[in-house]
J.: 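Below are the structure tokens for one structure; questions will follow.
In listed order, ligands and their atoms are each counted from 1. Only this structure's heavy atoms are used, side chains among them; waters, hydrogens and symmetry mates stay out. Quick caveat, the model's predicted, so the values are computed rather than measured. Residues: numbered from 1 along the sequence shown.
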Amino acid sequence: MADQDTIANYALEKVDGDVRAEHLDVLIVGAGLSGIGAGCHIQKRCPGLSYALLEARGTIGGTWDLFRYPGIRSDSDMQTLGYSFRPWTEAKAIADGPSILNYVRETAQEFGVDRRIRFNHRVRQASWSSAEARWLVEAERTDTGEPVRLTCGFLMMCSGYYSYAGGHMPEFSESERFRGRIVHPQFWPEDLDYAGKRVVVVGSGATAVTVVPEMAKTAAHVTMLQRSPTYIVSRPSEDKIANWLRKRLPAKLAYRIARVKNMALGMYFYRTARKNPEKTKQQIVAMARHALGPDYDVGTHFTPSYNPWDQRLCLVPDSDLFNAIRTGRASVATGHIERFTETGLRLRSGEEIEADVVVMATGLKLNLLGDVKLSVDGSKVDLSKALSYKGMMFSGVPNLASVVGYTMASWTLKADLTCEYLCRILNHMKRRGYVAATPRRDPSVKEEPSFNLTSGYIQRSIDMLPKQGSKRPWKMHRNYAMDAVALRFGRVADGTLEFTRR
Ligand SMILES: Cc1cc2nc3c(=O)[nH]c(=O)nc-3n(C[C@H](O)[C@H](O)[C@H](O)COP(=O)(O)OP(=O)(O)OC[C@H]3O[C@@H](n4cnc5c(N)ncnc54)[C@H](O)[C@@H]3O)c2cc1C
């Protein structure tokens, strides 16, 4: 550990003539769930490599620190959203945001990764030099504005997938006329008092279904206003089997079993839904009908026109959304917004919904690699023209990987596998004396979209996203078991990843 600290802090080398920049073997961008996980994996699997994390914000946690809206929680179970190497030991499997943040912080402390983080460093640009076999990384201190330059052998982008600067805000006409307050969940105002107020939540995605039952506890009434319905599935917030196992077995073993169980169940449900969409659709709609009672118009409000998993399913714990609707504290309106009025919103149908507070749960704005501008030997990298290699590296871009999780299962399942695989690449390079690893594109591989989701946030950004290829290793499995086998046991030197010596 002392050795690594020494390397991390004092490895100053010459770059660009006489400018001296600190050099690290690995730079991790981002100290969220993925960045902290990446640090732990490197620490464990690549002893002797120097590394640091650059984090734009002043704190650990990324998503789990940024979002502060009422009821913020996971929508997948913590047995699979938690790290493979550190058990989740709390009773709730669907956990609240502060508990998840605490888990990420404790993990960072336990593995000493917290000491490697340089806070308030926003990475702006990274330039690869083949001659030097290193990245020149240019960052800016978000507290002082001061520029910071570092070099690294390998760049691990753990910068998430959406912009921290702003969420997706569709323009609704005459919003300036509205006398109440409009808020976006990404920037929840601390002073917002909605007790006894009429609230409209625009949207019916993961955020909307979280915020509606929570706000309904004290608001006069909450209306979830959606353009079209989403599949909503209720699951118990506590995983009885996981809790039973934890009381009887050592924490790590209990966690591992519960993790495998939940992963297998998740994969089973996903595959069944894709194979048998009509039957799955009927089952989900029947669950909503059962929860809401025979008189409720489930056809209008809870029956989407697309198939399950064309977009992410929304999970609600212990039927909380359905219960809020059943008790009359919340309701759902389905229709298109025509405009704001002074006192609320008017729909194209002519219906008006009165509101004191409007919550725009209208989604995120995707971004790529934390908006870092990349160049390789002086040429700008356009990732929309690149092919994604094994869902982590990009054709023609040496020594750079992006740690991204699953969209149809818990993020961390894939993020963990990606980090393990990157550690295998780093160790292979060290053993064989390679300085660069570059995925080289095979002209016979056809391009395909990387995501098969029709969700608005993906479709709005599809043009800027890298593509996947028509065959391995350019095609993504979207299946944990297949990914685990390929990434844990597949050959690193697979003929596609080109390794070079200095
Ligand atoms: C409200 C919400 C709930 C979610 N719930 C779930 C869930 O239940 N299950 C699930 O699987 N997924 C969920 N997700 C997806 C979620 O984002 C991931 O699970 C996970 O938290 C992503 O972690 P990350 O570290 O990759 O990214 P982030 O949490 O976004 O962290 C990225 C970090 O990188 C930093 N950064 C970005 N760009 C730069 C830069 N240029 N320079 C320096 N630092 C930079 C950011 O400041 C941030 O700290 C949810 C997402 C949201 C928004």
Side-chain angles (χ1 to χ4, degrees), residues 27-39 52-83 93-97 99-101 103-104 107-108 117-126 137-142 148 150 155-165 167-168 184-186 188 205-211 235 262-263 266 312-317 361 363-374 402-416 418-419 457:
L27 256 185
I28 298 168
V29 179
L33 190 65
S34 305
I36 299 300
L53 293 86
L54 298 185
E55 167 53 56
R57 304 176 73 232
T59 182
I60 286 178
T63 299
W64 302 106
D65 180 73
L66 178 76
F67 280 85
R68 304 281 174 99
Y69 57 74
I72 168 81
R73 59 162 170 81
S74 67
D75 60 1
S76 52
D77 63 273
M78 289 308 295
Q79 277 73 28
T80 55
L81 188 59
Y83 299 112
I94 306 300
D96 59 85
S99 306
I100 301 173
L101 178 59
Y103 170 78
V104 177
T107 307
I117 307 171
R118 322 273 170 95
F119 289 109
N120 302 309
H121 282 64
R122 179 181 305 287
V123 177
R124 296 280 186 202
Q125 200 163 310
V137 176
E138 295 174 72
E140 181 188 275
R141 294 229 28 165
T142 48
V148 178
L150 298 113
L155 198 50
M156 270 169 96
M157 300 301 299
C158 297
S159 44
Y161 62 99
Y162 62 88
S163 168
Y164 276 56
H168 173 62
H184 195 284
Q186 196 164 330
W188 197 263
T207 301
V209 303
T210 301
V211 111
R235 266 177 68 181
N262 289 358
M263 222 151 51
R312 257 185 99 119
L313 303 191
C314 279
L315 184 143
V316 295
L364 305 164
K365 215 190 260 175
L366 284 206
N367 82 353
L368 210 53
L369 305 192
D371 286 330
V372 174
K373 292 193 184 78
L374 297 179
S402 163
V403 178
V404 180
Y406 288 124
T407 48
M408 73 326 158
S410 276
W411 181 273
T412 322
L413 289 175
K414 179 72 192 292
D416 265 339
T418 299
C419 292
Y457 72 103

J.: Examine Ser34 against ligand 1 and note whether any of their N/O atoms are separated by less than 3.5 Å.
T.: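 N/O-N/O distance below 3.5 Å exists for this pair.
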
J.: In Å and rounded to the nearest 0.5 Å, what is the CG to CG distance from Leu155 to Leu374?
T.: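 Going from CG on Leu155 over to CG on Leu374, the span is 7.5 Å.
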
J.: Is it the side chain, the backbone, both or neither of Val29 that has a heavy atom closer than 4.0 Å to ligand 1?
T.: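 It is the side chain that touches ligand 1; the backbone stays farther off.
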
J.: How does Val404 reach ligand 1, by side chain, by backbone, by both or by neither, if only non-hydrogen atoms under 4.0 Å count?
T.: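 Contact part for Val404 vs ligand 1: neither.
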
J.: Hey, what do you get for CG (Leu53) to CG (Leu27), rounding to the nearest 0.5 Å?
T.: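 Between atom CG of Leu53 and atom CG of Leu27 there are 8.5 Å.
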
J.: To the nearest 0.5 Å, what is the distance between OG (Ser159) and CG (Asn367)?
T.: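 Going from OG on Ser159 over to CG on Asn367, the span is 6.5 Å.
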
J.: Tell me: protein heavy atom nearest atom 21 (O) of ligand 1, and distance?
T.: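 Going by distance alone, atom 21 (O) of ligand 1 is nearest to Trp64 NE1, 3.0 Å.
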
J.: Please write down residue, atom name and distance for the protein heavy atom closest to atom 44 (N) of ligand 1.
T.: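 Its nearest protein heavy-atom neighbour is Ala56 N, 3.1 Å.
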
J.: Report yes if Val372 has an N/O atom closer than 3.5 Å to an N/O atom of ligand 1; otherwise report no.
T.: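 No: no nitrogen or oxygen of Val372 is under 3.5 Å from one in ligand 1.
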
J.: Could you tell me if any non-hydrogen atom of Gln186 lies under 4.0 Å from any atom of ligand 1?
T.: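 It does not, in that no heavy atom of Gln186 comes within the 4.0 Å cut-off of ligand 1.
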
J.: Main chain of Arg57, side chain of Tyr164: is a donor-acceptor contact present, judged purely on distance under 3.5 Å?
T.: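 Between the backbone of Arg57 and the side chain of Tyr164 there is no qualifying donor-acceptor contact (under 3.5 Å).
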
J.: In ligand 1, which numbered atoms sit nearer than 4.0 Å to a non-hydrogen atom of Gly160?
T.: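 So the atoms of ligand 1 that pass are 26 (O), 27 (O), 30 (O), 32 (C).
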
J.: Hey, is Arg124 touching ligand 1 through its side chain, its backbone, both or neither, going by heavy atoms under 4.0 Å?
T.: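 Answer for Arg124: neither.
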
J.: Of the backbone atoms (N, CA, C, O) and the side-chain heavy atoms from C-beta on, which set of Trp411 has a member under 4.0 Å from an atom of ligand 1: side chain, backbone, both, or neither?
T.: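 It is both parts that get close, each with some atom under 4.0 Å.
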
J.: CD1 of Ile36 to CD1 of Ile117: how many Å apart, nearest 0.5 Å?
T.: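 Result: 4.0 Å between the selected atoms.
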
J.: Measure the spacing between CG of Asp75 and CG of Leu313 and express it to the nearest 0.5 Å.
T.: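 The CG atom of Leu313 is 10.0 Å from CG of Asp75, to the nearest 0.5 Å.
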
J.: Taking all non-hydrogen atoms of both residues into account, name the closest pair between Ala206 and Cys314 and its distance.
T.: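 Shortest heavy-atom contact: N-SG, 3.4 Å.
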
J.: Got the closest protein heavy atom to atom 2 (C) of ligand 1, with its distance?
T.: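 Result: Thr63 CG2, 3.9 Å.
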
J.: Just to be sure I'm reading this right: ignoring hydrogens, which of Arg57, Met408, Gln125, Glu55 gets closest to atom 49 (O) of ligand 1? Compare them by their nearest heavy atoms.
T.: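 Checking each option, the heavy atom nearest atom 49 (O) of ligand 1 is found in Glu55.
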
J.: Quick one: side-chain contact (heavy atoms from CB on, under 4.5 Å) partners of Asp96, sequence neighbours excluded?
T.: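 Per chain and number, Asp96 pairs via side-chain contact (heavy atoms from CB on, under 4.5 Å) with Pro98, Ser99.
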
J.: Please check if the side chain of Tyr69 supplies one atom and the backbone of His184 the other of a donor-acceptor pair under 3.5 Å.
T.: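 No, the answer is negative, given that no donor and acceptor are paired below the 3.5 Å cut-off.
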
J.: Side-chain contact test, heavy atoms from C-beta onward, threshold under 4.5 Å: evaluate it for Ile60 versus Asp65 and give yes or no.
T.: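 With C-beta onward as the side chain, the pair stays apart.
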
J.: Would Thr412 count as a polar contact of ligand 1, with the cut-off being nitrogen or oxygen pairs under 3.5 Å?
T.: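 There is no such contact.
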
J.: I'd like to know whether Glu138 forms a salt bridge (Lys or Arg N to Asp or Glu O under 4.0 Å) with Arg124, so could you lay out the CA-CA distance, the side-chain angles of the two residues, the decisive distance to 0.1 Å, and finally the verdict.
T.: CA-CA 6 Å; Glu138 295 174 72; Arg124 296 280 186 202; over 6 Å; no

J.: Have a look at ligand 1 and work out which part of Cys158, if any, has a heavy atom under 4.0 Å from it: side chain, backbone, both or neither.
T.: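 The backbone, only.
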
J.: Which label fits Tyr162 and Phe67: parallel for a plane angle under 30°, tilted from 30 to 60°, or perpendicular past 60°?
T.: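 Ring orientation of Tyr162 relative to Phe67: perpendicular.
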
J.: Looking at Gly30, which atoms of ligand 1 are within less than 4.0 Å of one of its heavy atoms?
T.: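 The list of qualifying atoms is 33 (C), 34 (O), 35 (C).
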
J.: Please could you name the atoms of ligand 1 that Leu54 approaches to less than 4.0 Å, counting only its heavy atoms?
T.: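 Those of ligand 1 that fall under 4.0 Å from Leu54 are 43 (C), 44 (N).
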
J.: Can you sort out which atoms of ligand 1 are near Gly62, meaning under 4.0 Å from one of its heavy atoms?
T.: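 Those atoms are 29 (O), 31 (O), 48 (C), 49 (O).
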
J.: Looking at ligand 1, does any of its N/O atoms fall within less than 3.5 Å of an N/O of Arg122?
T.: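 For ligand 1, there is no N or O atom that lies under 3.5 Å from one belonging to Arg122.
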
J.: With heavy atoms only and a cut-off of under 4.0 Å, state how Tyr406 meets ligand 1: side chain, backbone, both or neither.
T.: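 Neither part.
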
J.: Would you compute the distance between atom CD of Glu55 and atom CZ of Phe119 and round it to the nearest 0.5 angstrom?
T.: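 One gets 7.0 Å once the value is rounded to the nearest 0.5 Å.
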
J.: Does ligand 1 come near enough to Asp75 that some N or O of the ligand is less than 3.5 Å from an N or O of the residue?
T.: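 Between Asp75 and ligand 1 (N or O atoms, distance only) the closest approach is under 3.5 Å.
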
J.: Side chain, backbone, both or neither: which part of Tyr69 comes within less than 4.0 Å of ligand 1 when only heavy atoms are counted?
T.: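 For Tyr69, only side-chain atoms sit under 4.0 Å from ligand 1.
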
J.: Which of the numbered atoms in ligand 1 are under 4.0 angstrom from any heavy atom belonging to His121?
T.: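 Taking each heavy atom of His121 in turn, ligand 1 has 42 (N), 43 (C) under 4.0 Å.
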
J.: To which of Phe67, Phe119, Tyr164, Tyr161 does the heavy atom nearest atom 50 (C) of ligand 1 belong?
T.: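 Shortest heavy-atom distance from atom 50 (C) of ligand 1: Tyr161.
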
J.: Hey, looking at atom 9 (N) of ligand 1, which of Gly37, Ser76, Ser74 has the closest heavy atom?
T.: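 Checking each option, the heavy atom nearest atom 9 (N) of ligand 1 is found in Ser76.
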
J.: Could you tell me which atoms of ligand 1, counted from 1 in the order shown, lie closer than 4.0 angstrom to a heavy atom of Ser410?
T.: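 Here the atoms of ligand 1 in question are 11 (O).
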
J.: Pair Trp411, Thr80 - check side-chain hydrogen bond (donor to acceptor under 3.5 Å, both in side chains), show working.
T.: CA-CA 8 Å; Trp411 181 273; Thr80 55; over 6 Å; no

J.: With respect to atom 42 (N) of ligand 1, which of Val123, Ile60, Thr59 exhibits the smallest heavy-atom separation?
T.: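 Residue with the shortest heavy-atom distance to the ligand atom: Val123.
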
J.: Which atoms from ligand 1 have a heavy atom of Leu81 less than 4.0 Å away?
T.: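 Close to Leu81: 7 (C), 8 (O), 9 (N), 10 (C), 11 (O), 19 (O).
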
J.: Is a side-chain N or O of Thr210 found less than 3.5 angstrom from the main chain of Gly71, in a donor-acceptor match?
T.: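 It does not hold such a pair.
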
J.: State which residues pass side-chain hydrogen bond (donor to acceptor under 3.5 Å, both in side chains) with Thr142; sequence neighbours excluded, sorted by chain then number.
T.: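 Once residues adjacent in sequence are excluded, the partners of Thr142 under the side-chain hydrogen bond (donor to acceptor under 3.5 Å, both in side chains) criterion are Asn120.
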
